[in-house]
Amino acid sequence: MRGRRWTTLVTAVALALGGLVGFSAAPAAADPPGGTLRNVYSDGQFCNSYGSEGVRTGLWSRYYCEYRQYGPNAPGFYFLWTFTS
């Protein structure tokens, strides 16, 4: 009987702490208004090259390569956002 109570207590504490961590986490960055995410690249030059090629060929009217890094030691990525107006 003690084992079951102990397991229940440990589970309840773990769920409570998990909820606190999830609740206090920073929200994700919002998408640019009117933007469409086209792809994610590890190289900024390639992101800009592909974005400008899309403008040149008329696939979209403008683009934006957004750099995001999700931690001090994590790799950064370039998000290609496109706009049609």
Side-chain angles (χ1 to χ4, degrees):
M1 192 71 154
R2 275 190 191 173
R4 177 180 267 175
R5 286 184 183 176
W6 181 250
T7 303
T8 303
L9 176 65
V10 169
T11 303
V13 169
L15 288 173
L17 290 175
L20 287 175
V21 170
F23 183 73
S24 64
D31 298 348
T36 302
L37 179 62
R38 294 292 174 181
N39 213 339
V40 180
Y41 302 99
S42 59
D43 181 58
Q45 185 177 3
F46 188 75
C47 181
N48 282 298
S49 172
Y50 192 75
S52 63
E53 180 69 18
V55 170
R56 189 181 70 72
T57 58
L59 293 172
W60 45 78
S61 56
R62 60 188 176 92
Y63 74 96
Y64 170 64
C65 287
E66 177 185 13
Y67 180 76
R68 291 186 190 175
Q69 186 175 5
Y70 291 100
N73 297 325
F77 295 100
Y78 294 86
F79 292 73
L80 176 61
W81 295 96
T82 62
F83 304 88
T84 54
S85 58

Could you list the donor-acceptor pairs under 3.5 angstrom formed between side-chain atoms of residues 49-59 and any protein atom two or more places apart in sequence or on another chain?
unit_1: Ser52; atom_1: OG; unit_2: Asn48; atom_2: O; d: 3.1
unit_1: Ser52; atom_1: OG; unit_2: Ser49; atom_2: O; d: 3.1
unit_1: Glu53; atom_1: OE1; unit_2: Arg56; atom_2: NE; d: 3.4
unit_1: Glu53; atom_1: OE1; unit_2: Arg56; atom_2: NH2; d: 3.4
unit_1: Glu53; atom_1: OE2; unit_2: Arg56; atom_2: NH2; d: 2.6
unit_1: Thr57; atom_1: OG1; unit_2: Glu53; atom_2: O; d: 3.0
unit_1: Thr57; atom_1: OG1; unit_2: Gly54; atom_2: O; d: 3.4

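Each disulfide bond (SG atoms under 2.5 Å apart) pair with one or both residues in residues 38-85, not counting sequence neighbours, appears once here: Cys47-Cys65. Annotation: salt bridge (charged side-chain N to carboxylate O under 4.0 Å, His left out) contacts involving residues 72-81, sequence neighbours excluded, are absent. Pairs engaging residues 69-85 under the salt bridge (charged side-chain N to carboxylate O under 4.0 Å, His left out) rule: none recorded [sequence neighbours left out].
A search for ring pair (Phe, Tyr, Trp, His ring centres under 6.0 Å) contacts involving Tyr41 returns Phe46, not counting sequence neighbours. Thr36 meets the side chain to side chain contact (heavy atoms under 4.5 Å, CB included) test with Arg38, Thr82; sequence neighbours excluded. A search for side chain to side chain contact (heavy atoms under 4.5 Å, CB included) contacts involving Thr84 returns nothing, not counting sequence neighbours. Qualifying side chain to side chain contact (heavy atoms under 4.5 Å, CB included) partners for Phe83, counting only residues two or more places apart in sequence or in other chains: Pro32, Arg62, Tyr64, Trp81. Under the ring pair (Phe, Tyr, Trp, His ring centres under 6.0 Å) criterion, Phe79 pairs with no residue, sequence neighbours left out.
Between the OH atom in Tyr78 and the CZ atom in Arg68 there is a gap of 13.5 Å [rounded to 0.5 Å].
Within 6.0 Å of atom CD in Gln69, more than 12 heavy atoms from other residues, nucleotides or ligands are found, so the atom counts as buried in its surroundings.
In the hydrophobic clustering of ILVMFWY residues, with side-chain heavy atoms under 4.5 Å counting as a link, Tyr70 and Leu80 come out apart.
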